[in-house]
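The next block holds one structure in the form of structure tokens; read it before the comments.
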Amino acid sequence: MRFLYIPILAFLMGGCGIKNDNQPKEEMPSISRPNSFNSDDEMLDYIQKVHLNYMWDGAEITSGMAHERIHPDGIYPSNDQNIVTTGGSGFGMMGLIVGVERGFIDRTKAVERFHKITDYLARADRFHGIWPHWLVGPTGQTKGFGTKDDGGDLVESAFMMQGLLCARQYFQADTPREKELRGKINRLWHEMDFNFYQQDNHDVLYWHWSPTHHWEMNFPLEGYNECLIAYILGASSPTHPIPASAYHKGWARNGSFTSEEAPYGHPLRLQHNAQSGGGPLFWAHYSYIGFSPKGTKDQYADFWEVTRNHALANYAHCVANPNGYRGYNENSWGLTAGYSINGYSAHDPHNDLGVITPTAALSSFPYTPEESMKALKYFYFNQGDKLWGPYGFYDGFSETANWYSNQYLAIDQLTIAPMIENYRTGLIWKLFMSCPEIQEGMKKLGITYSAN
């Protein structure tokens, strides 16, 4: 999983595979920070607008995609300010759709941005149709995520395609540019070779393949963690599908990944690939920004119960505060992967370092609306400017250590707007679940879905 092997890497500029066209960024009007709001809806509008802006006027100029990280202070110890993220950009694209739907972004300009992104993705490095975790923004070449992780990253690419398919379903106007965009997305989708990532037809998907290290990473995708979407897309692929047996024997570990654990009285139902108490909350977010847990079940669990109870258990842990950290309470909660006092860490109840990561509570709005709204107001009004910057809430803070990050990570920042929208209208869930291929793939895996 990404949080287990994130290194600090030096930025290596190489080649010139994609030329920087120096086109100006599309920008929203300046977004000021109000001291009050007339209603919760007005506040949610504002929060969505500011956070999705990370990938609108904050985007990398050549690709139109999301920077892996943005440090407003300009200090990048690893000199990686031009690295773009595939998975984070997938989340960001779903946020841009929210921006169009709510009138924050002009539809025509958004369509052109999606053309820019899809053209870039078509030229960028791919490995059997699968993008790497990171790309060098100005060139489209692979930026290694680790010593042997210098090729295709199936999970990050699945997050990317989740966003692209939502865009395909959203931009359905009978205009030349929207038709063309749908065609570009379909070509990228059809070129993803999920079958190859079974490594010689094993009944499981593998996370990585490298042209230099081949299968040496040897990381099978076994549940339960954030990787469900790779199996949903793999089973749904119209060109390179995986069999249902890979889902049941690989992801579900032959059914052995069910669990009786119920931290604070909230049954997890599935065995988290972490120590007891539930994994970091991004496990309830990344695969479920497009794929709706609401109304979906398989033979192992009800996905809504799995995700909602995960969020509730995380909340309950912070309220109980067994480690006695300052600032943990019913208004200030949320443990997930992000910046920490001594670098990046995957915070969860077993790895609780006293750091609250705002995206944990805010991206859980569909599951815990009352608890998330309380957290939002605490972060915004009580923490104030200490936790706030040009793209919304900074990545994390610790009242115990009197530490406040002044930096952003795409994977945390860009889940907020689409997940709040799923709470408000279910828009992104509706788009993804409307894909005919996804509907067929779920049937193949034995997943039932009711939109009501």
Side-chain angles (χ1 to χ4, degrees), residues 3 40 43-44 47 51 224-226 259-289 293-294 301-340 345-383 387 393 395-400 411-412 415-416 418-424:
F3 61 87
D40 287 352
M43 186 175 192
L44 290 176
I47 293 299
H51 287 80
Y224 177 76
N225 51 30
E226 76 272 30
S259 172
E260 297 299 320
E261 187 181 5
Y264 300 97
H266 302 292
L268 297 179
R269 299 305 182 197
L270 300 179
Q271 189 177 103
H272 286 208
N273 294 349
Q275 307 266 353
S276 62
L281 262 181
F282 74 85
W283 290 7
H285 302 152
Y286 292 179
S287 280
Y288 301 104
I289 303 177
K294 203 167 193 177
D302 179 322
F303 289 96
W304 183 249
E305 188 177 17
V306 168
T307 53
R308 186 168 186 272
N309 282 353
H310 184 183
L312 287 169
N314 194 287
Y315 166 79
H317 169 86
C318 292
V319 173
N321 192 15
N323 299 310
Y325 289 123
R326 180 182 175 188
Y328 278 37
N329 54 59
E330 64 179 6
N331 299 315
S332 183
W333 63 278
L335 307 179
T336 194
Y339 282 130
S340 195
S345 186
H347 309 105
D348 63 31
H350 186 78
N351 180 43
D352 184 355
L353 305 179
V355 174
I356 298 295
T357 307
T359 190
L362 302 185
S363 297
S364 295
F365 248 101
Y367 315 131
T368 54
E370 293 182 6
E371 296 87 347
S372 294
M373 182 59 77
K374 287 181 180 179
L376 169 58
K377 291 179 178 179
Y378 180 83
F379 300 153
Y380 190 87
F381 294 115
N382 292 69
Q383 294 296 339
L387 193 57
F393 295 113
D395 201 61
F397 69 99
S398 170
E399 292 191 40
T400 296
I411 55 171
D412 287 342
T415 59
I416 292 171
M419 285 300 270
I420 288 177
E421 192 61 34
N422 280 332
Y423 156 66
R424 300 180 80 182

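Side chains included, hydrogens not; waters and symmetry mates left out as well; all remaining heavy atoms used.
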Nearest-0.5 Å distance that lies between atom CE in Met373 and atom CG in Leu362: 9.5 Å
Donor-acceptor contact present, side-chain Asn273 to main-chain Tyr224, <3.5 Å: yes
Flag side-chain contact, heavy atom, 4.5 Å: Leu312 against Tyr264: no
Rounded distance [0.5 Å steps], CZ in Arg424 versus CG in Asp40: 9.5 Å
Whether Asn321 side chain and Asn329 backbone form a donor-acceptor pair below 3.5 Å: no
Donor-acceptor pair, side chain of Tyr325 and main chain of Asp352, under 3.5 angstrom: yes
Parallel, tilted or perpendicular: rings of Phe397 and Phe379 (30°, 60°): perpendicular
Asp395, Thr415, Asp412 screened by side-chain hydrogen bond (donor to acceptor under 3.5 Å, both in side chains) with Thr359, the one that passes: Thr415
Heavy-atom check, side chain of Val306 versus side chain of Trp283, under 4.5 Å: no
Heavy-atom pair of closest approach, residues Ser372 and Ala361: OG-O, 2.7 Å
For Gly277 against Pro349, the heavy-atom pair lying closest together: O-CG, 3.4 Å
Gap separating the CZ atom of Arg308 from the NE2 atom of His266, nearest 0.5 angstrom: 8.5 Å
Minimal non-hydrogen separation, Cys318 against Leu335, with atom names: SG-CG, 3.8 Å
Point-to-point distance, once rounded to the nearest 0.5 Å, from OG of Ser364 to CZ of Phe282: 12.5 Å
Heavy-atom donor-acceptor pair, Ser363 side chain to Ala360 backbone, under 3.5 Å: no
Close side-chain approach of Leu281 to Trp333, heavy-atom, < 4.5 Å: yes
Trp304 backbone acceptor or donor facing Thr307 side chain under 3.5 Å: yes
Tyr378 vs Leu387, side-chain contact (heavy atoms from CB on, under 4.5 Å): CA-CA, chis, key distance, verdict: CA-CA 11 Å; Tyr378 180 83; Leu387 193 57; over 6 Å; no
Sub-4.5 Å side-chain heavy-atom contact between Leu376 and Leu44: yes
Nearest-0.5 Å distance, CE of residue Met43 to CZ of residue Phe381: 4.0 Å
Shortest non-hydrogen contact from Met419 toward Ala284: CE-O, 4.2 Å
Heavy-atom side-chain proximity of Asn351 to Ser345 below 4.5 angstrom: yes
Between Ser259 and His272: side-chain donor-acceptor atoms closer than 3.5 Å: no
Heavy-atom side-chain proximity of Tyr367 to Pro293 below 4.5 angstrom: yes
Nearest-0.5 Å distance, OG1 of residue Thr357 to CZ of residue Phe393: 13.0 Å
Closest non-hydrogen atom pair, Gly334 against Asn314: CA-OD1, 3.6 Å
Nearest heavy-atom neighbours spanning Ala337 and Pro280: N-CB, 4.0 Å
Heavy-atom check, side chain of Glu421 versus side chain of Phe365, under 4.5 Å: no
Whether His347 side chain and Ile356 backbone form a donor-acceptor pair below 3.5 Å: no
Residue among Glu261, His310, Glu260, Glu305 satisfying side-chain hydrogen bond (donor to acceptor under 3.5 Å, both in side chains) with Arg269: Glu305
